[in-house]
Trainee: 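A single structure is presented below for examination.
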Amino acid sequence: MCGIIGIVGQSEVASALYDALTVLQHRGQDAAGIATIDGNRLRLHKGQGLVRDVFDQGSMLRLRGRVGIGHCRYPTAGSEAAAEAQPLYVNSPYGIALAHNGNLINTEALRREVFEADRRHVNTDSDSEVLLNVLAHELQVQDRRTLTPEHVFKAVAGTHARCVGGYAVVTMVLGCGVLAFRDRHGIRPLVLGERATATGKEYAVASESVALDILGFKLLRDVAPGEAVLMTLDGQLFTQQCAEPAVHAPCIFEYVYLARPDSMIEDVSVYKARLRMGEKLGEKIRRLMPDHDIDAVIPIPDTSRTAAGPLAQALGVPVREGFVKNRYIGRTFIMPGQSERVKSVRRKLNPIALEFRNKNVLLVDDSIVRGTTSKQIIQMAREAGAKKVYLASAAPPVRYPNIYGIDMPVTSELVAHDRTVEEVERILGADKLIYQDLDDLIWAVRDGNEALVQFDTSCFSGEYVTGVEPTYLRSLESARSDGAKAERREAG
């Protein structure tokens with residue numbers, strides 16, 4: 001769940017990359033970085049923290065060039081160190097910088113291949129560095145003094161053949177340009193845009209269309225699964241399919257939570273999809289509670305706001321803003337540890353007591369993962385005077401880990417794993433808990449683009465489109481637990 005951006009422009013691009021990263025900040029708040037091509041040199045600045053904290057006037061002035069890439073990082077398990085801030089760089093061959101969103105599930109096998117067969121050294125625990133070295137090797141075997149699009153695409157095909165997982169990648173190759181590609185299932189999002197200037201066309205790729213919007217780029221389309229896009233230094237655009245056809249299965253959690261509502265992904269408006277989620281959820285609640293006593297629907301800021309409107313309309317009750325959000329607290333979903341998440345909920349949200357006092361309220365959230373936040377918010381509603389507190393989730397129960405770049409907790413830390421809805425209801429302290437049905441969630445997204453036949457719904461269904469070895473899931477459990485993360489932070 002990182003944010004990536006790449007631009008080949010007609011003028012200096014550092015400020016445009018910075019602006020794009022600020023609107024992709026929701027995809028990662030741990031670290032940020034920008035790399036540019038300045039003649040024959042690569043300029044790079046990165047660090048831990050928010051975009052606004054990593055870059056200052058001096059660093060921005062040093063990022064000269066009209067070609068560049070940027071990244072904001074959301075740390076997945078084992079990739080939390082400062083050295084793993086991106087873009088990552090390797091000097092051979094040509095000089096390559098890479099920014100990556102997603103996760104490889106065959107990282108350890110690739111790490112051995114890279115060392116034993118490719119004779120390359122990986123210095124961190126990051127799968128992004130492994131991917132960078134795989135691509136670097138595939139470019140090197142082309143054995144070309146000057147790269148042509150044909151040889152670049154052969155290298156991407158070789159990379160796809162070796163890498164398994166969900167990934168969207170933007171790279172910058174000195175002497176060549178910006179290269180972007182997406183996994184063969186299209187799990188992680190990537191869009192292509194174009195902007196006309198007085199001196200020619202400019203091209204950009206990004207995780208979400210909102211990054212193109214803010215820069216004045218026209219959204220051309222999504223990068224296809226397995227496709228590579230090469231934007232050369234002289235401003236030409238080349239594209240080619242570089243992987244065998246596979247099941248197209250974009251991540252449905254992008255629409256539930258990860259993406260901004262003003263983005264378009266796979267020709268589907270995230271905003272419209274969330275409206276339809278609310279509509280379907282409202283219909284379900286009306287079936288389950290035909291004689292409901294709900295006085296008001298209260299969204300839990302911010303992602304669930306869009307769904308709350310049509311939900312309330314279906315129930316015939318008003319929507320009320322019951323919580324004021326502190327804008328300077330990060331997303332609790334990606335906080336590093338349980339104790340930090342617990343503290344952050346109270347810092348982040350403050351109830352408006354008048355909206356709860358002596359009322360039966362229905363709280364609406366986009367999803368329920370650990371349940372820690374939901375339990376606290378329900379308690380806050382009761383403390384504010386609510387008589388009954390119902391809870392509705394715009395997503396189905398999250399019962400399985402995500403292995404394609406969303407650092408969901410281990411199964412033992414997922415509140416819905418191996419539990420019935422009634423058991424979760426009691427744990428959270430709700431008077432009633434209603435989840436979205438998976439079929440309704442799929443309809444809510446697919447209604448925007450009926451060409452979408454399948455989605456990655458693994459965190460709800462436990463079905464992994466790439467296939468997955470049980471040993472990988474066990475190793476992931478070990479790496480992702482809050483205890484393991486705490487040990488890494490102490491050791492670091």
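Position 1 is the first residue of the sequence; numbering continues from there.
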Trainee: State which residues pass side-chain contact (heavy atoms from CB on, under 4.5 Å) with Met264; sequence neighbours excluded, sorted by chain then number.
Mentor: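 If we apply the side-chain contact (heavy atoms from CB on, under 4.5 Å) test to Met264, skipping adjacent residues, the hits are Ser209, Leu219, Ser269.
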
Trainee: Is it the case that the side chain of Asp183 and the backbone of Gly186 share a donor-acceptor pair, with hydrogens and angles ignored and the cut-off at 3.5 Å?
Mentor: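 Yes, the answer is positive, given that a donor and an acceptor are paired below the 3.5 Å cut-off.
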
Trainee: If you look at every heavy atom in Gly70 and Ala99, which pair is closest and at what distance?
Mentor: O-CB, 4.0 Å

Trainee: Quick one: list whatever passes ring-ring contact (aromatic ring centres under 6.0 Å, His included) with His45, sequence neighbours left out.
Mentor: Phe55

Trainee: Applying ring-ring contact (aromatic ring centres under 6.0 Å, His included) as the test, list every pair that has at least one member in residues 81-131; sequence neighbours left out.
Mentor: none

Trainee: Would a 4.5 Å heavy-atom cut-off, applied to side chains only, mark Ile105 and Tyr464 as touching?
Mentor: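 SC-SC contact between Ile105 and Tyr464 ruled out.
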
Trainee: Tell me whether Asp234 at atom CG has more than 12 heavy atoms from other residues, nucleotides or ligands lying less than 6.0 Å away.
Mentor: yes

Trainee: Would you mind reporting whether Thr239 and Glu227 have side-chain heavy atoms less than 4.5 Å apart?
Mentor: yes

Trainee: Taking the basic N atoms (NZ, or NE/NH1/NH2) and the acidic carboxylate oxygens, is any pair closer than 4.0 Å for Arg195 and Glu202?
Mentor: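 Here Arg195 pairs with Glu202 in a salt bridge, since their nearest N and O are under 4.0 Å apart.
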
Trainee: Among all residues two or more places apart in sequence or in another chain, which pass the side-chain contact (heavy atoms from CB on, under 4.5 Å) test with Leu438?
Mentor: Pro396, Leu441, Ile442, Thr457, Phe460, Ser461

Trainee: Tell me which pairs pass salt bridge (Lys or Arg N to Asp or Glu O under 4.0 Å) where either residue lies in residues 240-263, with sequence neighbours left out.
Mentor: Arg27-Glu254, Arg188-Glu254, Arg260-Asp262

Trainee: With side-chain contact (heavy atoms from CB on, under 4.5 Å) as the criterion, how do Val205 and Ile5 come out once you've worked through the C-alpha distance, each side chain's angles and the decisive distance to 0.1 Å?
Mentor: CA-CA 6 Å; Val205 288; Ile5 177 74; over 6 Å; no

Trainee: What's the separation between atom SG in Cys163 and atom CZ in Arg184, rounded to the nearest 0.5 Å?
Mentor: 12.0 Å

Trainee: Verify, without hydrogens or angle tests, whether Asp127 (side chain) and Thr107 (backbone) share a donor-acceptor contact under 3.5 angstrom.
Mentor: no

Trainee: Within this structure, what is the SG-CD1 distance for the pair Cys2 and Ile4, rounded to the nearest 0.5 Å?
Mentor: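 Taking SG in Cys2 and CD1 in Ile4, the distance rounds to 9.0 Å.
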
Trainee: When you look at Glu12 and Arg43, which way does the salt bridge (Lys or Arg N to Asp or Glu O under 4.0 Å) test go after all the steps?
Mentor: CA-CA 13 Å; Glu12 298 285 316; Arg43 306 281 182 180; over 6 Å; no

Trainee: So do Val178 and Thr171 actually touch side chain to side chain, heavy atoms under 4.5 Å?
Mentor: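 The answer is no, as the side chains (C-beta and beyond) never meet within the 4.5 Å cut-off.
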
Trainee: Is there a donor in the side chain of Glu113 and an acceptor in the side chain of His137, or the other way round, less than 3.5 Å apart?
Mentor: no

Trainee: For Tyr167, give me all partners under ring-ring contact (aromatic ring centres under 6.0 Å, His included), at least two apart in sequence or on another chain.
Mentor: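 Checked Tyr167 against ring-ring contact (aromatic ring centres under 6.0 Å, His included); matches are His160.
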
Trainee: Could you tell me if Glu84 and Ser128 have a donor-acceptor pair between their side chains, going purely by distance under 3.5 Å?
Mentor: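 Checked: Ser128/Glu84 side chains show no N/O donor-acceptor pair below 3.5 Å.
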
Trainee: Nearest heavy-atom pair of Val256 and Ser367: which atoms, and what distance?
Mentor: CG1-CB, 4.2 Å

Trainee: Taking salt bridge (charged side-chain N to carboxylate O under 4.0 Å, His left out) as the definition, give me every residue that meets it alongside Glu108, ordered by chain and number, with sequence neighbours left out.
Mentor: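 Scan of Glu108 (salt bridge (charged side-chain N to carboxylate O under 4.0 Å, His left out), adjacent residues dropped) gives Arg111.
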
Trainee: Over all heavy atoms of both residues, which pair between Leu414 and Pro409 is shortest? Give the atoms and the distance, please.
Mentor: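 Nearest pair, atom of Leu414 first, then Pro409: CD2-CG, 3.6 Å.
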
Trainee: Between OH of Tyr257 and CD1 of Ile406, what distance do you get to the nearest 0.5 Å?
Mentor: 10.0 Å

Trainee: State, without any angle test, whether Asp19 and Thr22 hold a side-chain donor-acceptor pair at a distance under 3.5 Å.
Mentor: no

Trainee: First locate atom CD1 of Ile69, then atom CD of Gln86, and finally report the distance between them rounded to the nearest 0.5 Å.
Mentor: 8.5 Å

Trainee: Are the side chain of Asp437 and the backbone N or O of Asp439 linked by a donor-acceptor pair below 3.5 Å?
Mentor: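 Looks like no, no N/O pair under 3.5 Å.
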
Trainee: Please tabulate, one pair per line, all N/O donor-acceptor pairs under 3.5 Å involving side-chain atoms of residues 147-154, not counting sequence neighbours.
Mentor:
unit_1	atom_1	unit_2	atom_2	d
Thr148	OG1	His151	N	3.4
Thr148	OG1	His151	ND1	2.6

Trainee: Looking only at heavy atoms, what is the nearest atom pair of Leu215 and Ala16, with distance?
Mentor: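 Scanning both residues completely, I find the closest heavy atoms to be CD2-O, 3.4 Å.
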
Trainee: Is Glu208 reaching over with its side chain to a backbone N or O of Ile265, donor-acceptor style, under 3.5 angstrom?
Mentor: no

Trainee: Show the numbers, then the answer: is there a side-chain contact (heavy atoms from CB on, under 4.5 Å) between Ile7 and Leu17?
Mentor: CA-CA 8 Å; Ile7 301 174; Leu17 291 166; 3.9 Å; yes

Trainee: Would you name the heavy atoms of Val13 and Gly68 that are closest together and state the gap between them?
Mentor: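 Reported closest heavy-atom pair: CG2-N, 3.7 Å.
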
Trainee: Closest heavy-atom contact between Leu212 and Ala204?
Mentor: CD2-CB, 3.8 Å

Trainee: Any side-chain heavy-atom pair from Thr232 and Leu230 closer than 4.5 angstrom?
Mentor: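 Thr232 vs Leu230: side chains touch.
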
Trainee: For Ser59, does its backbone N or O pair with a side-chain atom of Asp56 as donor and acceptor, under 3.5 Å?
Mentor: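 The answer is yes, because a donor-acceptor pair under 3.5 Å joins these two groups.
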
Trainee: So do the side chains of Val247 and His185 get within less than 4.5 Å of each other, counting heavy atoms only?
Mentor: yes

Trainee: Glu477 and Thr411: side-chain donor and acceptor closer than 3.5 Å?
Mentor: yes

Trainee: Please check: side-chain N/O of Glu138 versus main-chain N/O of Leu135, any donor-acceptor pairing under 3.5 Å?
Mentor: no

Trainee: Once you round to the nearest 0.5 Å, how far does CG of Leu139 lie from CG of Asp143?
Mentor: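 CG of Asp143 is found 12.0 Å from CG of Leu139.
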
Trainee: How long is the gap from OG1 on Thr372 to CD on Glu413, to the nearest 0.5 Å?
Mentor: 8.5 Å

Trainee: Within the structure provided, determine whether Ile37 and Met172 are in side-chain contact (heavy-atom separation under 4.5 Å).
Mentor: yes

Trainee: Checking Arg162 side chain against Gly158 main chain: does a donor-acceptor pair fall under 3.5 Å?
Mentor: no

Trainee: More than 12 heavy atoms of other residues, nucleotides or ligands under 6.0 Å from CZ of Arg41: is that the case?
Mentor: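 No, not enclosed.
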
Trainee: Give a yes-or-no answer on whether the side chains of Thr36 and Asp38 include a donor-acceptor pair shorter than 3.5 Å.
Mentor: no

Trainee: Do Ile187 and Pro250 come close enough that some side-chain heavy atom pair is under 4.5 Å?
Mentor: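 When only atoms from C-beta onward are counted, Pro250 and Ile187 do not touch, as no gap falls below 4.5 Å.
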
Trainee: Taking side-chain contact (heavy atoms from CB on, under 4.5 Å) as the test, write out the residues that go with Asn133, two or more places apart.
Mentor: Val90, Val114, Arg120, Val122, Glu129

Trainee: Verify whether one side chain among Tyr271 and Ser263 offers a donor that lies under 3.5 Å from an acceptor in the other.
Mentor: no

Trainee: Mind checking whether Ser393 and Ile368 have side chains closer than 4.5 Å, heavy atoms only?
Mentor: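 The answer is yes, as the side chains (C-beta and beyond) meet within the 4.5 Å cut-off.
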
Trainee: Can you list the residues that meet the salt bridge (charged side-chain N to carboxylate O under 4.0 Å, His left out) rule with Arg66, with sequence neighbours excluded?
Mentor: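 Expected list: none.
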
Trainee: Quick check: does any side chain N or O of Arg399 sit under 3.5 Å from a backbone N or O of Ala416, one acting as donor and the other as acceptor?
Mentor: yes

Trainee: Going by salt bridge (Lys or Arg N to Asp or Glu O under 4.0 Å), name the pairs with one or both residues in residues 446-468, residues two or more places apart or in two chains.
Mentor: Arg276-Asp447

Trainee: Any sub-3.5 Å donor-acceptor pair from Lys46's side-chain atoms to Ala31's backbone N or O?
Mentor: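 Between the backbone of Ala31 and the side chain of Lys46 there is no qualifying donor-acceptor contact (under 3.5 Å).
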
Trainee: Considering residues at least two apart in sequence or located in another chain, which fulfil the salt bridge (charged side-chain N to carboxylate O under 4.0 Å, His left out) criterion with Arg474?
Mentor: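 Counting only residues at least two positions away or on another chain, Arg474 forms no salt bridge (charged side-chain N to carboxylate O under 4.0 Å, His left out).
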
Trainee: Strictly distance-based, threshold 3.5 Å: is any side-chain N or O of Asn101 a donor or acceptor partner for the main-chain N or O of Ala168?
Mentor: no

